[in-house]
Amino acid sequence: ETHKYSGIVEDCCCDYETADHLNKEVLHPSLQELVKTPFFRYFKVKLWCDCPFWPDDGMCRLRDCSVCECPDSEFPESFKKPYHGLPVDDLVCQEGKPEAAVDRTLDNKAFRGWTEIDNPWTNDDETDNAEMTYVNLQLNPERYTGYTGPSARRIWDAVYAENCPKYPSEELCAEERILYKLISGLHSSISVHIASDYLLDETTQTWGPNLSLLSDRVLRYPDRVRNLYFTYLFVLRAVTKAADYLEHAEYDTGNPTEDLKTQSLVRQLLYNPNLQAACPVPFDEAKLWKGQRGPELKQKIQKQFRNISALMDCVGCEKCRLWGKLQVLGLGTALKILFSVDGQQNAVQTLHLQRNEVIALMNLLNRLSESVKFVNEMGSSTEMLTEGQ
Ligand code: FAD
């Protein structure tokens with residue numbers, strides 16, 4: 001079967017067929033295993049929304065701001081009961097619901113050997129422990145939540161309009177186009193997850209794929225599909241570039257059997273001979289920031305990306321905010337790995353990653369990998385569906 005998208009993924013070093021094949025045979029199965037391990041399934045995050053942009057909006061302070069914007073069915077009654085000492089209006093924005101399954105005992109077990117240096121590409125200060133909580137990502141899958149309307153729209157508009165110039169545009173240099181494509185690829189992936197796990201029938205609580213939504217939001221726009229593949233390869237490149245670091249990192253969660261398994265899964269992923277043979281350098285970052293404007297441009301894009309990261313605090317549905325923050329941190333980590341030290345050969349040797357950055361990076365890659373797989377598998381059946389209408 002020939003791939004609908006053929007040739008090299010724009011700005012990458014790998015073609016669509018290879019990307020699909022590698023994903024299906026090698027990366028997707030390893031990543032699915034990896035994200036289930038104790039090390040990778042707990043994400044440390046400040047879930048309280050603290051939106052710096054629309055202060056008079058009230059969205060973040062009100063009942064409607066958060067989980068309550070997701071369908072009621074997602075959260076059993078008991079979770080909505082008042083917590084001790086909190087004003088009623090604040091309830092639903094609080095962490096601590098059983099879904100968010102917080103295991104605070106992990107903190108002293110799991111933080112050895114990891115840097116706490118802040119990431120210049122992101123807005124969150126990960127050292128701000130008091131406000132952070134642990135979320136079990138396995139219990140909070142990214143899927144349809146019902147978050148929609150002006151609040152969601154405003155975030156995406158701000159992400160595109162305020163932070164990255166519209167593409168395609170003649171004046172955009174390669175670097176700015178890449179930022180746009182990363183965001184658009186992430187947006188595609190979020191839409192794919194909404195479409196792949198959709199609430200088809202509220203009364204019977206039936207969940208399943210919604211192929212017309214997949215087609216309407218993603219497949220109908222070839223650019224959105226291309227950007228998804230681009231983002232996938234970009235993040236994959238970051239992971240393989242950081243291979244030495246990731247291989248020797250500390251995956252200690254206090255359970256030696258599980259931790260050994262984690263380490264071996266990481267190795268399996270990083271040093272897979274098929275990956276190295278078929279697509280050793282999925283994206284070539286050495287081409288960027290070359291010109292005279294390089295350093296200035298990098299600063300500008302770093303600031304734009306930090307703003308995008310800050311916007312995630314304004315996402316009005318808690319679960320969407322969780323995955324928005326995780327994936328933007330993952331992209332920020334990929335940017336940090338690929339561009340951490342200006343043009344120096346030994347950039348990777350000076351690389352230091354936070355534990356949370358590595359968790360975000362691998363979970364992001366897994367999400368993108370799921371999206372690429374779903375788009376590849378559903379692409380043709382959805383075309384039939386659209387033609388039949
Ligand atoms: P939207 O997806 O809101 O898109 C808005 C506009 O952006 C489109 O009209 C189009 O012009 C443009 N656009 C769309 N896709 C792309 C693309 N790939 N590249 C470039 N431009 C594009 N909802 C959930 O149900 N579950 C979630 O987990 C979830 N997570 C979210 C996370 C974040 C950070 C945000 C901001 C929103 C999230 N949402 C989630 C909401 C969801 O993304 C949509 O906003 C919502 O479903 C409404 O969709 P829409 O059809 O209006 O288009």
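All ligand and atom numbering here is 1-based and tracks the order in the structure.
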- [ ] Provide the number and element of each atom of ligand 1 under 4.0 Å from a heavy atom of Y180.
- [x] 20 (C)

TODO: Please determine, by modelled atom types, if Q263 and E247 share a side-chain donor-acceptor pair under 3.5 angstrom.
DONE: no

Open item on the list: Within the structure, is a non-hydrogen atom of Y198 found at a distance of less than 4.0 Å from ligand 1?
Closed with: no

Open item on the list: The test is side-chain hydrogen bond (donor to acceptor under 3.5 Å, both in side chains); show your working for H193 and Y144 and say whether it passes.
Closed with: CA-CA 7 Å; H193 278 88; Y144 172 77; over 6 Å; no

- [ ] Could you name the option among K181, K325, E142, R217 that has the heavy atom nearest to atom 49 (O) of ligand 1?
- [x] R217

Task: Nitrogen or oxygen of S188 less than 3.5 angstrom from that of ligand 1 - done: yes

TODO: Enumerate the atoms of ligand 1 whose separation from the nearest heavy atom of I155 is less than 4.0 angstrom.
DONE: 36 (C)

Open item on the list: I need the E142 CD to N363 CG distance, nearest 0.5 Å.
Closed with: 10.5 Å

Open item on the list: Tell me the contacting part of V315 for ligand 1: side chain, backbone, both, or neither, using a 4.0 Å heavy-atom threshold, strictly below.
Closed with: side chain

Open item on the list: Check for me whether R143 has a heavy atom closer than 4.0 Å to any atom of ligand 1.
Closed with: yes

Open item on the list: Looking at Y221, I'd like to know if the NZ or CZ of R224 sits under 6.0 Å from its six-membered ring centre while staying within 45 degrees of the ring's axis.
Closed with: yes

Task: With L265, the side chain to side chain contact (heavy atoms under 4.5 Å, CB included) member among E33, M362, K36 - done: E33

TODO: Would you mind listing which atoms of ligand 1 come within a distance below 4.0 Å of any non-hydrogen atom of S184?
DONE: 17 (C), 18 (N), 19 (N), 20 (C)

- [ ] With heavy atoms under 4.0 Å as the rule, classify the contact between R153 and ligand 1 as side chain, backbone, both or neither.
- [x] side chain

- [ ] Considering the heavy atoms of A152, write down every atom of ligand 1 situated less than 4.0 Å from one of them.
- [x] 45 (O)

Open item on the list: Heavy-atom contact check, 4.0 Å cutoff: does W156 meet ligand 1?
Closed with: yes

Task: Minimum side-chain heavy-atom gap E17-S6 below 4.5 Å - done: yes

TODO: Among Y16, Y180, F283, Y5, find the residue that satisfies the ring pair (Phe, Tyr, Trp, His ring centres under 6.0 Å) test when tested with F230.
DONE: F283

- [ ] Give a yes/no on ligand 1: does Y221 have at least one heavy atom closer than 4.0 angstrom to it?
- [x] no

- [ ] Grab the two heavy atoms, one from V218 and one from S188, that are nearest each other, plus how far apart they are.
- [x] CG2-O, 3.9 Å

TODO: Please say whether H187 places an N or O atom under 3.5 Å from an N or O atom belonging to ligand 1.
DONE: yes

